[in-house]
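Below: one structure, written as structure tokens.
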Amino acid sequence: MTLDESICQPQEMRLHLPYFTAGRVVEGFGRGSKQLGCPTANFPRSVVETLPKDFIPGVYYGWARVDKQPVYKMVMNIGWCPYYNNEQKSMETHILHEFEDDFYGSQLKICILGYLRPEKNFSSLDDLITEIKSDIKNAGEALDDDNCLQFKTHSFFNEC
Ligand code: ADP
Ligand code: MG
């Protein structure tokens, strides 16, 4: 079974998946960890701009590697974050691992495998936090599937 067949999602959501990209971690808006208890490593504009124009905004899951550290599960937001009225498109990756230190400036490689939900607005910060927790749980479970696990050891993560 191919990845496409294994994940029950509309075709347009899977259009560019699996999607591999990499770049240096830059400073974002400084609110991920502070307000939400969920740090998100931001890619620079140069990486965001290479996304295909018809890549659907939303919350995705996949694998991530920071420098030479192990490959970990990740959940990421691609888009404008309606709750915060962002004007610029961003790609923000939350890695499902507790790091001892921040890793600004490190090389972050990601492989996006599946789509979880569209971006949406929330009436309160509590609602947003509840949704993020459920995204993390759903991403963690989806990635345990064999069709996703095979990408954890993809040669992309070992190339320099
Ligand atoms: P910023 O607005 O600068 O992106 P955040 O509050 O979103 O700030 O925190 C993101 C930073 O936290 C990342 O750039 C990274 O250095 C660090 N970090 C620590 N743990 C994680 C993690 N599990 N996932 C993503 N980033 C993490
Ligand atoms: Mg961030």
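Atoms within a ligand are numbered from 1 in the order they appear, just like the ligands themselves. All values reported here derive from a predicted model rather than from experimental measurement.
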Between Y60 and F55, how do the two ring planes meet: parallel, tilted or perpendicular, split at 30° and 60°?
tilted

Using a strict cut-off of 4.0 Å, indicate which atoms of ligand 1 neighbour a heavy atom of N42.
4 (O)

Under 3.5 Å: N/O of C38 near N/O of ligand 1:
no

So is there a nitrogen or oxygen of T40 less than 3.5 Å from a nitrogen or oxygen in ligand 1?
yes

If you have a sec, read the angle at the Mg ion (ligand 2) from N42 atom OD1 over to T40 atom O, to 10 degrees.
80°

With only distance considered, is F103 within less than 3.5 Å of ligand 1 through an N or O on each side?
yes

Aromatic rings F151 and F20: how do their planes relate, parallel, tilted or perpendicular, breaks at 30° and 60°?
tilted

Pick one of side chain, backbone, both or neither for how H97 approaches ligand 1, counting any non-hydrogen atom pair under 4.0 Å.
backbone

Using a strict 4.0 Å cut-off to heavy atoms of V25, name the atoms of ligand 1 that fall inside it.
14 (O)

Quick check on T93 - does any of its heavy atoms sit under 4.0 Å from an atom of ligand 1?
yes

Compute the shortest N/O to N/O distance between I95 and ligand 1 and return yes if it is under 3.5 Å, no if not.
yes

Ignoring angles and geometry beyond distance, decide whether D101 reaches within less than 3.5 Å of ligand 1 through its nitrogen or oxygen atoms.
no

